[in-house]
Protein chains: 2
Amino acid sequence: MKPELDTRTKIVLAAMDLFWTKGYNSTSIADILSRTQLNSGSLYHAFPGKQDVLIAVLEAYRDGLYPNLLDPAWQGVEDPIDRIFALLDRYRWLIVETECTYGCPIGSLALELHEADPVVRNLLAVNFTGWTRAIEACLDAAGDRLPVGLDKAALAQFVLTTMEGGVMQARTHLDVTYFDRGVTMLRDHFDMLMARAARRTELI
Amino acid sequence: MKPELDTRTKIVLAAMDLFWTKGYNSTSIADILSRTQLNSGSLYHAFPGKQDVLIAVLEAYRDGLYPNLLDPAWQGVEDPIDRIFALLDRYRWLIVETECTYGCPIGSLALELHEADPVVRNLLAVNFTGWTRAIEACLDAAGDRLPVGLDKAALAQFVLTTMEGGVMQARTHLDVTYFDRGVTMLRDHFDMLMARAARRTELI
DNA sequence: ATTCTGCTAGAACGATCATTCAAATGCCTC
DNA sequence: GAGGCATTTGAATGATCGTTCTAGCAGAAT
């Protein structure tokens, strides 16, 4: 933990990691304090309570979508459809790197928090929407390579579904091939869509 | 809670419901005791500890797959591909019935339990496998309506992915259409696969 | 009737939880 | 250097957690 960071930032960074690896309920304030080398007074000076730390974490994920996830994943990848699978490949890398214990932090929190506060639930939704909107932009950029009239928002959500489902099964089975097979299915789906679009444009 | 049930069954039934609605960590032993009207001595006579209750719950889900889920969902539905979408429709019904707070109990537990005991993790995997195997049997029964050489296990896992991803997003957005759009995408996928299979068989 | 056995009642335990607070400290301003 | 404000310290609090334990109970076997 860099010492030049202010208290609030230190707490958010530590909480991002702890909520991700242990979950929200299983992470105690004491965990955050020992990780950051802070005392409870400092934390409760920066945040009214534990849930407000969670809110700050979700805001950080929201604001970090491009700088922390998409920009690195898309570096050197220009083709919009390649970008979609480059992003999925980044998740694959995270799964392998964590020996199949990786879980999407947003997805894990979304399923862990059963009776979530409206503010928390909305931030989870905003995080999902940010992700799918980025995919949707790729689909738009693909132009006529995809069929006209395709519900791009629905397909973008389906990409998220593929990622979340693959991560869930890979972690449960401790086997990354469960993720891979999902991506292969999605790849087939895109290939069939692109073949359909190509057939249509030929007709004109 | 039926009084004629034995202690162990009463606990498992109550725990199934509580783990499902509140999650494992957020369900206390006291919750189970007040729900079952039992005392802690009885619970700890039937189970060594809380995790063993979880194990019994997961075993109950495993054993209840057909009688509690698939058989009712497939009553009156004979076509194997219709059965797949009839099952998804049952999940849709659950989502609507719970006002979009429904979460697949297995999926929720799989993402909540980050450092799960090997026995627990394996039971989660077994539950997933039971589900996908049932779907795979439908795909097998579909015969040549699907392309030859299709990876049916992968497609079955993809059906599970569609369900879990749809449930996750529907609950997070409190909007069942997120589930519906996932099913529509999967329907498209099946239609394209069946069209491909039909084209191939014509050639012969 | 008595002993044994399986089960239950419910108080109690120590650990851990999120949170509070009075006192101490650092830091900027004047 | 003095005063004032923001921040930190770290012990204390009460609630709740999973779990334990002893005493008691019911029913079957002897």
Side-chain angles (χ1 to χ4, degrees), chain A residues 1-58 108-109 112-120 123, chain B residues 1-58 108-109 112-120 123:
Chain A
M1 206 57 54
K2 317 286 160 45
E4 67 265 25
L5 298 173
D6 68 356
T7 300
R8 198 185 157 87
T9 308
K10 281 199 276 190
I11 291 169
V12 170
L13 287 175
M16 283 175 89
D17 189 61
L18 287 163
F19 291 167
W20 174 56
T21 52
K22 306 184 58 173
Y24 175 71
N25 284 311
S26 298
T27 297
S28 66
I29 297 288
D31 288 332
I32 298 174
L33 297 179
S34 77
R35 175 75 67 99
T36 54
Q37 303 274 52
L38 292 168
N39 294 96
S40 61
S42 301
L43 188 144
Y44 281 93
H45 182 78
F47 296 96
K50 189 185 179 185
Q51 181 176 277
D52 302 273
V53 178
L54 172 62
I55 289 170
V57 163
L58 291 174
S108 297
L109 287 170
E112 180 187 351
L113 304 168
H114 290 238
E115 288 144 343
D117 182 272
V119 176
V120 172
L123 272 168
Chain B
M1 204 59 50
K2 318 284 163 42
E4 67 266 22
L5 299 173
D6 67 358
T7 300
R8 196 185 159 87
T9 307
K10 279 200 275 189
I11 291 169
V12 169
L13 287 176
M16 283 176 89
D17 189 61
L18 287 164
F19 292 167
W20 173 56
T21 52
K22 305 185 58 173
Y24 176 70
N25 283 310
S26 297
T27 297
S28 66
I29 298 288
D31 287 333
I32 299 174
L33 297 178
S34 79
R35 175 75 67 99
T36 53
Q37 302 274 52
L38 293 169
N39 295 96
S40 60
S42 301
L43 187 144
Y44 281 93
H45 183 78
F47 295 96
K50 188 185 179 186
Q51 181 175 278
D52 302 273
V53 177
L54 173 62
I55 289 170
V57 163
L58 291 174
S108 297
L109 287 169
E112 180 187 352
L113 304 168
H114 290 237
E115 289 143 343
D117 182 273
V119 176
V120 172
L123 271 168

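Below, read A as the first sequence line, B as the second, and so on, with proteins coming before strands; counting in each chain starts at 1.
For dA12(D), its base never sits under 3.5 Å from the side chain of S40(A) at any donor and acceptor pair.
The side chain of H45(A) places an N or O atom within less than 4.0 Å of a non-bridging phosphate oxygen (OP1 or OP2) of dT7(D). Contact annotation: S42(A) side-chain N/O to dT9(D) OP1/OP2 distance is under 4.0 Å.
Summarising the geometry, the separation between CG on D6(A) and P on dA6(D) is reported as 16 Å, rounded to the nearest angstrom. N39(A) has its CG atom 16 Å from the P atom of dT20(C), to the nearest Å. Between the CG atom of D52(A) and the C1' atom of dA18(C) there is a distance of 12 Å, given to the nearest Å. The distance between atom CD of Q51(B) and atom C1' of dT19(D), rounded to the nearest whole Å, is 14 Å. One atom, CD1 of I11(A), and another, C1' of dT8(D), lie 11 Å apart when rounded to the nearest Å. Distance, K50(A) NZ to dT16(C) P: 15 Å, rounded to whole Å. Counting to the nearest Å, the P atom of dC7(C) and the OH atom of Y44(B) are 18 Å from each other. Between L43(B) atom CG and dA9(C) atom C1' the separation is 14 Å, expressed in whole Å.
With hydrogens and angles left out, the side-chain atoms of S28(A) and D31(A) include a donor and acceptor closer than 3.5 Å.
The distance from atom OG1 of T27(A) to atom CG of L54(A), rounded to the nearest 0.5 Å, is 10.0 Å. Once rounded to the nearest 0.5 Å, the distance linking CZ of F19(B) with CG of L109(B) reads 8.0 Å. L38(A) CG to I29(A) CD1: the interatomic distance, rounded to the nearest 0.5 Å, is 11.5 Å.
Smallest separation of non-hydrogen atoms from E112(B) and S26(B): OE2-N, 4.4 Å.
Counting any heavy atom pair closer than 4.0 Å across all strands shown, T27(A) reaches sugar-phosphate atoms only and no base atom. Contacts of S28(B) with the nucleic acid, taken as non-hydrogen atoms under 4.0 Å apart, involve only primed sugar atoms and P, OP1 or OP2.
Between G41(A) and I29(A), the residue anchored closer to the 5' end of DNA chain C is I29(A), taking for each the nucleotide with the nearest heavy atom.
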